[in-house]
Amino acid sequence: MRHKLYLFASLLFSALAINLLFMSLRPQLSQAKQLGQSGNPPKVDWRKIHPALIRYLTQPTSEEMIPLIIERKRDETSLLALGEQLYPSKETRRQNVVSFLQAESERATADLLTTLSRAKRSGEADQIRAFWVSPVISIKAKPSLIQSLSEREDVVFIRPDEKIELAASPAQETDFSSTDQMIYNLDLVEVDKVEQFLKLRGNGVVVANIDSGVDGFHPALMKQYRGYNPHGPAQHRGNWFVVTGEPYLYPGDGLGHGTHTMGTMVGDDGIGHRTGVAPNAKWIAVKAFTNQGYTYESWLHAAFEWIIAPNGNPSLAPDIVNNSWGTDVGSDQRFRADIQSLRAAAILPVFSAGNKGPQRETIGAPASYPESLAVGAVDETKLPTYFSSRGPSSWGEVKPELSAPGVNILSTYPGGGYAKMDGTSMSAPHVAGIAALLFEANPNLTVDQIEQILLQTTEPLSTTIPNNVSGYGLVNAYAATLQVTQQGTLTGRVIEALTNLPIPYATLVIQDRHPTNPTVITISAEADGTFECHLPAGVYDFTARRFDFQPQTKMAVTVKNLQTTSVEFNLQRLPYGIIQGKVIEASSLIPLSATLTVQGTPLT
């Protein structure tokens, strides 16, 4: 009897358990019925759906549309082959690349877009845009559409259209007095020597940034804007693009970040307020970040697409695009196809490394991509900053490749002012500006050649070259541009005539033989008395001097292209004596600790 009662109780318990399980599954089954067709649960390939969307689909709170990115397949092999072909001009290359990308996108998305258009008519989708710069489609869709799309062979992945924040450091607005001296960061990368010796300022080159905008009325930026017209209205079509929806009909910037980075590339008002590496280059810009400092993935794809073909015209594309932004995850590949398209179209993509250092493997994306040129930050003493993100990348490559100044960088700021900012965002535009100088020196250089020249002419900052802290070293504008200019080399030394000992840090004044406006260049010898400089071919007068020696001049020295000319100076020491004395207070005659300077000498 006890056994029968026990069996009866077990059966009753099992029946109750089954009933409870059925009741718990009813909401999910009901949901599947709603999302499926003809009452059958939908087929879903969960591997193609981002985890955040899976949670949304399994636990829906509403049937509202959500912003999505649909990733499709792309023929990368053909694009790579297209980029490696030789073309008669950059314009031809860019037109061919854009035509290929547009045709490939139209062909690959035809069937998918038909489905999405049908979904839009039925109220399941809205705001559909297929990009050709990258194999993605942006869309707003309901859950039922997301699940059905996952089963398609031409869909690779479906993810949210994620919000991306701009890591902008605080700006310290400051006065900037007119001066004929280079600011420290331009001097650190030897832009001063490029100006003195080579006369390169970025003429004929177009740079761009994808940032928070640019103050187009800033005195140090206005005339460099490609759309600027001194005789009438500016031309903004093809020169200025806003993807944020903000009402900027002409270049503007409510955040300041983009104005600052553009100023480091080209800033110069012509009256002593120079902040730019290449002040004669022209600029165009995309406002992809709002005045609050955020963007979306889809906005950035739109920005890249415009960069390759501004206003739909590839002939208006820039030579270089600076990107002082990125995501925190170095393995994030969402924008890699965009960067591959830029490279194929002969546009150099420069990216800031990020500000997540000093730990290893903190390099952000897209700086982490093999196709991107990543730039880390150094301070005024050429030491890598603690905040500069480090490599290696997720692809095992050394990152960043280059370093540039990124501390207390003075540049343009909205409203016609100036400000100092820190960050690798400030470092990257130095490299973009130096690339502009290289393109001016030789417009036929390829993007790969520009990158190699920059890497080969750095100032090493470590005994290990390259490394995942500073890359190949501190970028050097002078050393880089000398590689692509037809110059002669002048070498020599300054020694004491009587003893043949080197004279440290002697000054050498070099003057050409121009009849009305001679160029005068001043350089310093090293501690061992040696010197080296590169000069355009010509005839020069050279004078070596130091305050305690008799100057000596070598007249009519000829410098020839691609040849080295050597000159030795033998200076006679001037008579000298010893001065002794003391400094006292006039009334009390008490000895004072004082600093003495000797006029006409560096002695103190």
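Residues meeting the side chain to side chain donor-acceptor pair (under 3.5 Å) test with Lys382, sequence neighbours left out: Glu459. Remark: Phe335 engages His301, Trp325 in a ring pair (Phe, Tyr, Trp, His ring centres under 6.0 Å) (not counting sequence neighbours). In this view, Asn203 and Asn280, Glu440 satisfy the side chain to side chain donor-acceptor pair (under 3.5 Å) rule, not counting sequence neighbours.
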| request: Would you check, one step at a time, whether the test side chain to side chain contact (heavy atoms under 4.5 Å, CB included) holds for Leu166 with Leu255? | output: CA-CA 10 Å; Leu166 183 64; Leu255 184 63; 3.7 Å; yes
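Between Trp395 and Tyr369, a ring centre-to-centre spacing shorter than 6.0 Å is recorded. The aromatic ring centroids of Tyr418 and His218 lie less than 6.0 Å from each other.
Of the charged side-chain nitrogens involved, at least one lies within less than 4.0 Å of a carboxylate oxygen, so that Arg274 and Glu195 count as a salt-bridged pair. Here Asp448 pairs with Arg343 in a salt bridge; the nearest charged N to carboxylate O distance falls below 4.0 Å. Look at Lys399 and Glu401 and you find a salt bridge, because one of the NZ, NE, NH1 or NH2 atoms lies within 4.0 Å of a carboxylate O, short of that distance. Electrostatic pairing of Arg93 and Asp319 does not count as a salt bridge here, judged by no charged N lying under 4.0 Å from a carboxylate O. Between Glu104 and Arg74 there is no salt bridge, since no side-chain nitrogen of the basic residue lies less than 4.0 Å from a carboxylate oxygen of the acidic one.
Not one N or O on the side chain of Thr530 forms a donor-acceptor pair closer than 3.5 Å with the backbone of Glu526. Glu246 contributes a side-chain N or O that, together with a main-chain N or O of Asn291, makes up a donor-acceptor pair within less than 3.5 Å.
Within the 4.5 Å cutoff, side-chain heavy atoms of Trp299 are placed close to those of Tyr294.
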